[in-house]
Amino acid sequence: MDEITVTLPDGSSRRVPAGTTPGEIAAGISPRLAKAALAAAVDDRLVDLGFPLRQDARVRIVTPDSPEGLHVYRHSTAHLLAAAVTNLFPGAQCGIGPATDEGFFYDFIVDRPFVPEDLEAIEKKMRELAAQDLPYERQMLDREEAKQFFSGRGEPLKVQLIDEKTEGRSEVSCYTIKDRDTFVDFCVGPHVPSSGRLKAFTLLNASNAYWKGDARNQPMQRIYGTAFFSDKELQAHLQRLEEAKKRDHRKVGKDVGLFTFHPWAPGATFWLDKGTTLYNTLADYMRAVLFPAGYVELKTPLIYNKALWETSGHWQHYRDNMFLVSGRDGEEMGVKAMNCPGHMLVFGSEMRSYKDLPLRFHEQTPLHRNEASGVLSGLTRVRQFSQDDAHCFVTDEQIAPEVEALLRLVQRVYGDFGLEYSAKLSTRPAEFLGEIATWDRAEAALKQALATSGQKYTIDEGDGAFYGPKIDFDITDAIGRKWQCATIQLDYQMPQRFDLKYVGADNAEHRPVVIHRAIFGSFERFIALMIEHYAGAFPLWLAPVQVVVLPIADRHLDYARNVVQRLHAAGLKAELDERQEKIGYKIREAQLQKIPYMLVAGDRESSDGTVSVRSRTGGDQGSRMIEEFITAALSEVREKKAPPAAAA
RNA sequence: GCUGGCGUAGCUCAGUCCGGUAGAGCAGCUGAUUUGUAAUCAGCCGGUCGGGGGUUCGAAUCCCUUCGCCAGCUCCA
């Protein structure tokens with residue numbers, strides 16, 4: 001019999017008969033590895049453990065520890081879901097069922113939407129199928145026969161998939177799970193060897209989706225679930241979801257009185273007093289950061305004549321997302337959805353010299369985007385919002401240093417907020433405007449800036465905007481979720497559309513390049529992130545109420561008022577709780593409002609000019625002189641100290 | 001925008017399946033209590049059951065429609 005050579009990841013190699021499978025190789029290495037094995041990578045291609053090796057190859061066994069392990073495992077769980085659904089709902093048609101970052105889903109066409117009881121029944125059936133340890137058998141079927149097979153089974157979507165995905169091939173790969181009803185799916189795999197491997201999974205919810213994600217296509221019912229290698233991991237994940245629910249900014253924002261909404265202004269925030277304070281703290285912080293970085297702040301119009309939007313191109317491409325209004329004499333106007341066109345007008349309003357560049361316009365005025373009703377959600381998707389927006393007008397040569405400065409700015413701001421983040425460079429998309437050479441120069445400049453500043457990043461090929469490449473930043477919050485906030489986008493188109501020029505050192509006219517950039521992204525979304533990151537328990541420098549003074553009895557009111565005055569005079573945001581309640585009650589309320597410091601004032605304190613300090617996180621801190629507390633609090637504000645692990 | 005779910009007092013929710021004229025806790029108000037580190041006691045007030053239309057002797061409950069919210073789809077700061 002022919003022998004082949006397989007090379008293992010540790011560099012060792014062994015001779016085995018042709019036709020040997022990765023599963024057998026794993027068993028030959030150790031029983032433990034065989035038990036852990038889920039699939040294999042043969043010359044970097046993922047295959048089943050039962051895949052017969054016909055030629056020399058590099059073989060790596062995929063286990064739960066492999067990067068692809070969880071993905072394969074979840075994909076197999078999705079198949080189990082489909083097997084259970086076809087078993088319980090005869091006539092159900094299957095769409096696609098991939099693994100995702102968080103779990104998996106599978107789309108079906110069924111007579112009626114799934115209800116929670118259905119999910120329970122389906123999950124129960126999945127457990128039965130898992131308990132039976134049914135093999136996942138892979139077969140190569142003749143392409144035409146496979147199409148006929150699926151067609152005969154009433155699975156036209158699978159036929160369509162085969163048509164689209166395997167054009168020109170004679171055989172297609174299918175997987176079978178043999179229960180009483182045999183479930184067959186068209187799928188490249190790989191899969192776990194048998195359903196008994198699937199231990200910890202659960203279905204989460206059902207909702208609607210469309211075939212290929214296109215609303216013009218047939219509606220389908222999607223079931224979401226997630227799976228982990230162990231029950232412990234699954235429980236931890238479910239706990240994270242619970243935790244996320246507890247921190248939901250919509251709930252916390254209501255509980256601590258930051259903002260509200262009204263049906264008559266869908267997607268537009270009513271910032272309450274505390275929310276406004278928090279908002280202003282962020283807005284002022286950003287001004288304080290940007291001013292020394294060479295930015296000037298503008299306030300430009302909210303409503304423009306259609307001519308502006310035609311010039312910028314938004315009228316042609318973005319009108320559906322804009323609020324349109326008519327002027328007194330019937331002229332068509334658009335409420336601004338972004339600041340850039342206005343900033344172009346400001347740039348063009350004067351003669352500009354190369355000596356003026358970089359010219360940096362910052363603006364925080366509100367923007368309106370007429371978002372589809374179905375996408376609105378809390379503060380993260382709204383119709384009215386403000387950005388910490390700015391446009392930097394630069395020369396070609398200034399791109400790299402300017403971007404470098406921006407990277408430092410992002411680093412500094414996120415550092416102040418104690419946020420972890422990652423950067424992503426998006427390059428020229430398939431459809432783009434301008435010259436390839438310009439794009440290449442721009443991308444090179446961005447890469448250079450990233451390298452110089454030591455910023456680690458990933459590359460997303462072809463994901464740039466049509467007008468220029470960009471760098472996006474993802475923040476990871478306290479419970480591991482990602483939020484896209486900051487962005488740095490190069491734009492060659494807008495200056496051209498507005499025919500912007502500056503006079504160069506050569507006394508000739510040149511076209512500036514514009515860098516669109518935001519660090520918070522939008523105040524609304526960033527505040528949502530802050531709320532969920534800190535679970536509403538803000539660090540002192542952000543807290544809308546920093547200190548509450550709690551008199552023990554009415555006779556301490558005068559003293560307490562005096563304390564509050566001194567706190568206010570020192571610039572601290574302080575309130576007085578003068579209700580006739582017991583101290584325990586007032587403390588409980590202050591804790592629930594997540595106020596960082598509670599100052600108790602009773603007989604002892606009023607007689608010796610102290611306050612009894614209680615911190616939200618550390619409890620009773622004993623008594624201190626008022627000035628002493630103020631000094632410590634002010635320095636905590638200055639240091640922007642983050643509280644110890646935010647508790648929900 | 002599309003699909004599904006939900007909408008009852010300021011908040012959290014019961015009542016909806018099976019139609020008989022709305023209920024609890026918290027909050028608020030009033031009174032008593034003057035209180036030492038996460039809920040003092042008592043009383044009271046509070047709802048065109050999201051809006052509109054229909055079926056019915058009778059609708060929170062059934063039907064239609066509309067608005068909003070939620071989960072997704074698509075889109076995005």
Side-chain angles (χ1 to χ4, degrees), chain A residues 105 107 112-116 204-224 245 248 250-251 254-255 257 260-267 318 320-321 337-339 366-389 465 472-473 483-487 489 516-529 550-557 578-594 598-605 612-616 618-623:
Chain A
F105 66 80
D107 290 343
R112 60 171 175 84
F114 293 112
V115 296
L204 294 169
N205 61 332
S207 87
N208 167 267
Y210 296 91
W211 177 237
K212 300 189 171 184
D214 189 330
R216 287 167 303 193
N217 288 339
Q218 204 160 358
M220 304 188 73
Q221 300 304 319
R222 174 171 297 182
I223 295 179
Y224 284 92
K245 220 172 178 179
D248 190 320
R250 291 167 296 193
K251 179 185 175 327
K254 184 180 271 181
D255 290 347
T260 188
F261 288 93
H262 192 278
W264 290 350
Y318 203 74
D320 285 350
N321 271 309
M338 47 271 295
N339 291 308
L367 305 175
H368 291 77
R369 296 186 186 173
N370 198 357
E371 302 285 357
S373 55
V375 307
L376 301 178
S377 175
L379 292 178
T380 53
R381 253 335 251 294
V382 286
R383 288 192 176 138
Q384 186 200 105
F385 61 96
S386 296
Q387 298 178 317
D388 60 322
D389 202 7
D472 288 325
F473 298 82
W483 302 64
Q484 209 252 290
C485 291
T487 185
Q489 307 189 0
H516 306 251
R517 39 108 299 165
I519 301 178
F520 289 154
S522 80
F523 284 95
E524 281 72 7
R525 183 172 287 181
F526 195 76
I527 289 175
L529 160 63
L550 311 176
I552 298 271
D554 285 354
R555 65 178 176 280
H556 310 119
L557 267 174
E578 51 185 316
R579 294 175 303 175
Q580 288 181 19
E581 296 289 351
K582 289 167 74 173
I583 198 68
Y585 181 84
K586 294 184 184 180
I587 285 173
R588 178 182 154 82
E589 297 245 308
Q591 285 285 152
L592 291 176
Q593 287 296 305
K594 308 188 192 275
M598 290 150 259
L599 303 184
V600 177
D603 288 334
R604 291 200 297 272
E605 292 78 8
S612 184
V613 180
R614 181 189 166 97
S615 94
R616 176 182 60 203
D620 194 345
Q621 309 286 298
S623 69

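Numbered from 1 within each chain, the chains take letters A, B, ... in sequence-line order. These figures come from a predicted structure and were not determined experimentally.
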Any side-chain N or O of [X] less than 4.0 Å from the OP1 or OP2 oxygen of [N]?
{"X": "A:Tyr224", "N": "B:C73", "value": "yes"}
{"X": "A:Arg222", "N": "B:G4", "value": "no"}
{"X": "A:Ser207", "N": "B:G4", "value": "no"}
{"X": "A:Tyr585", "N": "B:G36", "value": "no"}
{"X": "A:Arg250", "N": "B:C69", "value": "no"}

What about the rings of A:Phe520 and A:Phe523, do their centers lie closer together than 6.0 Å?
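Yes, ring centres under 6.0 Å apart.
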
Look through every strand shown and name the nucleotide pairing with [N] as Watson-Crick or G-U wobble, where both distances are under 3.5 Å.
{"N": "B:A59", "result": "none"}
{"N": "B:C29", "result": "B:G43"}
{"N": "B:C13", "result": "B:G23"}
{"N": "B:C75", "result": "none"}
{"N": "B:U48", "result": "none"}
{"N": "B:G68", "result": "B:C6"}

Return the value, rounded to whole Å, for the distance between atom [atom1] of [X] and atom [atom2] of [N].
{"X": "A:Asp554", "N": "B:U35", "atom1": "CG", "atom2": "C1'", "result": "10 Å"}
{"X": "A:Ile223", "N": "B:G5", "atom1": "CD1", "atom2": "P", "result": "15 Å"}
{"X": "A:Arg604", "N": "B:U35", "atom1": "CZ", "atom2": "P", "result": "13 Å"}
{"X": "A:Glu371", "N": "B:C69", "atom1": "CD", "atom2": "P", "result": "13 Å"}
{"X": "A:Arg614", "N": "B:U37", "atom1": "CZ", "atom2": "P", "result": "10 Å"}

Assign [X] to base, sugar-phosphate, or nothing according to its heavy-atom contacts below 4.0 angstrom with the strands shown.
{"X": "A:Glu605", "value": "base"}
{"X": "A:Glu581", "value": "base"}
{"X": "A:Ile583", "value": "sugar-phosphate"}
{"X": "A:Asp603", "value": "base"}
{"X": "A:Ala518", "value": "nothing"}
{"X": "A:Leu376", "value": "sugar-phosphate"}

Just compare B:U33, B:C76, B:G36 and give me whichever is closest to any side-chain atom of A:Arg381.
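Side chain of A:Arg381 sits closest to B:C76.
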
Residue pair A:Ser612 / A:Glu605: nearest heavy atoms and the distance that separates them
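Residues A:Ser612 and A:Glu605, closest heavy atoms: CB-OE2, 3.3 Å.
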
Taking the nucleotide of RNA chain B with the nearest heavy atom to each, does A:Ser612 or A:Gln384 sit closer to the 5' end?
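Of the two residues, A:Ser612 wins.
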
For A:Ser373 and A:Gln591, take the nucleotide of RNA chain B holding the closest heavy atom to each; which residue's nucleotide lies nearer the 5' end?
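Its nearest nucleotide lies further toward 5', so the answer is A:Ser373.
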
Going by side-chain contact (heavy atoms from CB on, under 4.5 Å), name the residues that satisfy it together with A:Arg604, two or more places apart in sequence or in a different chain.
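Scan of A:Arg604 (side-chain contact (heavy atoms from CB on, under 4.5 Å), adjacent residues dropped) gives none.
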
Stacking here means centres under 5.5 Å and planes under 30°; does A:Phe385 stack on B:A77?
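Aromatic stack with B:A77 present for A:Phe385.
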
Between A:Asn321 and A:Asn370, a side-chain donor and acceptor under 3.5 Å:
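Note: A:Asn321 and A:Asn370 side chains miss the donor-acceptor criterion.
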
In a check of side-chain contact (heavy atoms from CB on, under 4.5 Å) between A:Arg222 and each of A:Asp107, A:Asn205, A:Asn208, which one passes?
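Checked A:Asp107, A:Asn205, A:Asn208 against A:Arg222; only one passes side-chain contact (heavy atoms from CB on, under 4.5 Å): A:Asp107.
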
Side chain of A:Arg525, base of B:C76: donor and acceptor closer than 3.5 Å?
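Check passes, donor-acceptor contact within cut-off.
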
Apply salt bridge (Lys or Arg N to Asp or Glu O under 4.0 Å) to the pair A:Asp603 and A:Arg555, showing each step before the final yes or no.
CA-CA 9 Å; A:Asp603 288 334; A:Arg555 65 178 176 280; 3.0 Å; yes

